[in-house]
Asks: 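Structure in structure tokens, see below.
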Amino acid sequence: MTSATPSLVPPQVPGQAESSALAEISQETIALTRRLFVQLQRRPSTLIAGVLQPLIWLVLFGALFANAPAELLPGGISYGRFLGAGVIVFTAFSGALNAGLPVMFDREFGFLNRLLVAPLRSRSSIVLASVLYITSLSLVQSLAIMGTAALLGYGWPGGNGLLLVLITLLLLVFAVTALSLGLAFALPGHIELIAVIFVANLPLLFASTALAPLSFMPTWLGWLAALNPLTFAIEPIRAAYAGDFALGNVVLEAPYGDLTAATCLAILAILASGLFLLIRPMLDRKLS
Amino acid sequence: MIELQHLSKRYGSGKKSPPVVALQDLTLSVPQGSLYGLLGPNGAGKTTALRILCTLLAPDSGTVTVGGLDALLNPRGVRRLLGYVAQEVAIDKILTGRELLQLQGDLYHLPRAQRDGRIGDLIELLGMAEWIDRRCGTYSGGMRRRLDLAAGLLHNPSVLVLDEPTVGLDIESRAAIWQVLRQLRDQGTTVLLSSHYLEEVDALADQLAIIENGTVIAAGSPTALKAALGGDRVTLRVREFSSEEEARRVQGLLQGCAGVRQVVINQSQGFSLNLVIEHDNVVEQLRRQLAEADLPVFALSQSRPSLDDVYLQATGRTLMDAELAVAGSRDAKAERQQNMR
């Protein structure tokens, strides 16, 4: 055999030291994340639908209550401006709720087995890749909605406001992604997962302050909305859009007491870490 | 190179239906550098054994070592040594073949230059250049299998494990894969493949194990296993259609010959005679004796015992009968659930 002919079994390269754990984890995580983005690029319908649906909400729902008396809403703002924060949060939420779908398909089609046969340095790379992918996707979708809302004249949070919006969305996306990934490993198939996503989506939206303020709601619904994690994301964002905000300002007058923006963010952070801790034993079991 | 010791595995908790015993006390030893075949009907436990070997599944009891590493204690070390080509080819339809191989290379932590060089070599060796940059969703079964083989070989494993590598493939693709497997063996890679095709194992394997009901019932080289069955099979006709009387006369004559065993009259084939001979010289002797008795030889065929004979001897039924017995009794949904994590 000449040296030019490749061999099925190439000679071992001597002195090839094992690379560091961090380098290996980044290599596998980047490769897995890239795969998800290539899928998105070649099959962009999820991305488009994820922007289109909230956009329709924004335009149609906004128009439906466009003539609502301004004094009914807190701060006397227009309904469109009020709705904006709700729709942005809804976009991030429903985007993140889909995080489990690619994982579920990989389980069902056996692609996950291909990953598990490989000597991954850490199998958390599989979860990490999903989190990175869905976080960027949800943020891009939310920014698209924010841009459109701005064009519709519903305003734009400047400077620190934008920072607060992004941090809030990030925390919410982490929490919902953890939930969705947990479901993707716990449920038997994609039909069940889609059913759960379908059922969870709208009630969580309605039982939050996305479409109407707490003061509009009957007591029982007000309680539900004041406990709904979406509300803890919507109110700080609404405050950021309103312009004059500080982390210490009260953003939600819940039946159980007043909550500041900082408290809302803290609750979201605790929720996100709690959910990751909760699903961890299951991921360890399924991935080991 | 590979040692599977006393492996047992059951599926199901037994709450809804009795648990399915997939493996019971399966012991297997694959020498380094050999091409080893696992032969058995569908449902015999071949896939379960390979999935345990590849660290995808934990056995209920037993030990697995690959290249001296304990697969249960050091699964990552074992994964580095193994290339696994699964039965159900799991490819991402959206990616191109090249992208899939790049992903695979990154999962095995190959440096980029080495990864791309190796991908280039495998594309050439497996004849994939024409279609490797098309999306996997457009590939035929043979293309997918070749791509999967390339993925299994990418990190240059010491052991290549293939689960039914040629099921459903056209003859050309099958021949191509056989050639690659032989080449790998010749270059020192240990190859373990499962198959329910007798001719595949017969043509390829240096060593084989017959698996039935989750346990090994015979193991050795194909030649040794066949030799253990005794001599060659001979079919003899003194004319195209003999009478029973003539056949009996010949039978009586042949039974007296040294080195001839079991002379059976095959009524359904025009009263031909089937016999087992102990060595090749017996044929000449037979011809002489028949000539002396003034009996012509219309046809005489001699064949070595086949693996089918080995299988029959070991299990009491042919492999095809075993396949037919399990056909329809398998629960595809339950098996899919077993394969899911």
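Proteins get letters first, then strands, A, B, ... in listed order; numbering begins at 1 in each. Computation of the quantities below employed the complete heavy-atom set of this structure, encompassing side-chain atoms and omitting hydrogens, waters and symmetry-equivalent molecules. Everything numeric in this text was worked out from a predicted model, so none of it was measured.
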Asks: Return yes when atom CZ of A/Arg280 has more than 12 non-hydrogen atoms of other residues, nucleotides or ligands closer than 6.0 Å, and no otherwise.
Replies: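 No - once you tally the heavy atoms of other residues, nucleotides and ligands closer than 6.0 Å, there are 12 at most.
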Asks: Using every non-hydrogen atom in the two residues, find where B/Arg76 and A/Pro119 come nearest and quote the distance to one decimal.
Replies: NE-O, 3.2 Å
Asks: As an exercise: rank A/Arg42, A/Arg34, A/Gln39 by heavy-atom pairs under 4.5 Å with chain B and give me the winner.
Replies: A/Arg42
Asks: Working to the nearest 0.5 Å, report the span between CD of A/Glu24 and NE2 of B/His109.
Replies: 4.0 Å
Asks: Please look at B/Ser158 and chain A and tell me whether the side chain, the backbone, both or neither of the residue comes under 4.5 angstrom of a heavy atom of that chain.
Replies: neither
Asks: Under 4.5 Å from any heavy atom of chain A, what part of B/Val180 do you find: side chain, backbone, both or neither?
Replies: both
Asks: I would like to know whether A/Leu32 and B/Leu107 meet side-chain contact (heavy atoms from CB on, under 4.5 Å); could you show each step before the answer?
Replies: CA-CA 8 Å; A/Leu32 290 168; B/Leu107 298 182; 4.1 Å; yes
Asks: Apply side-chain contact (heavy atoms from CB on, under 4.5 Å) to residues A/Asn113 and B/Arg51 and explain how you reach the verdict.
Replies: CA-CA 10 Å; A/Asn113 283 335; B/Arg51 287 172 62 84; 3.6 Å; yes
Asks: Which atoms of B/Gln104 are under 4.5 Å from chain A, going by heavy atoms: the side chain, the backbone, both sets, or neither?
Replies: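 When you check distances to chain A, only side chain atoms of B/Gln104 fall under 4.5 Å.
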Asks: Could you grab the distance from atom CZ of A/Phe111 to atom NZ of B/Lys93, nearest 0.5 Å is fine?
Replies: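 Spacing of CZ (A/Phe111) from NZ (B/Lys93) equals 13.0 Å.
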Asks: Could you measure the distance from the CG atom of B/Leu100 to the CZ atom of A/Arg35? Nearest 0.5 Å is fine.
Replies: 8.5 Å
Asks: Would B/Asp106 and A/Glu28 count as a side-chain contact (heavy atoms from CB on, under 4.5 Å) here? Give the steps.
Replies: CA-CA 6 Å; B/Asp106 284 335; A/Glu28 58 205 33; 5.9 Å; no
Asks: Below 4.5 Å, heavy-atom pairs only: which of B/Arg112, B/Arg118, B/Glu99 has the largest tally toward chain A?
Replies: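 Max contact count across the listed options: B/Arg118.
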Asks: Taking only Lys NZ, Arg NE, NH1 and NH2, and the carboxylate oxygens of Asp or Glu, determine whether A/Arg114 and B/Asp148 approach each other closer than 4.0 Å.
Replies: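 Looking at A/Arg114 and B/Asp148, the cut-off is met.
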Asks: If you count every heavy atom of other residues, nucleotides or ligands that lies below 6.0 Å from B/Arg10 atom CZ, does the total exceed 12?
Replies: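 No, not enclosed.
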Asks: Once you round to the nearest 0.5 Å, how far does CG of B/Leu57 lie from CG of A/Leu116?
Replies: 11.5 Å
Asks: Can A/Val117 and B/Thr55 be said to form a side-chain contact (heavy atoms from CB on, under 4.5 Å), step by step?
Replies: CA-CA 7 Å; A/Val117 169; B/Thr55 76; 5.8 Å; no
Asks: Mind checking the CG-CG spacing from A/Leu8 to B/Asp121? Nearest 0.5 Å is all I need.
Replies: 9.5 Å
Asks: Which atoms of A/Ile30 come close to chain B, meaning under 4.5 Å heavy atom to heavy atom: side chain ones, backbone ones, both, or neither?
Replies: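 Neither part.
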Asks: Please classify the contact of B/Leu82 with chain A as side chain, backbone, both or neither, using a heavy-atom distance under 4.5 Å.
Replies: neither
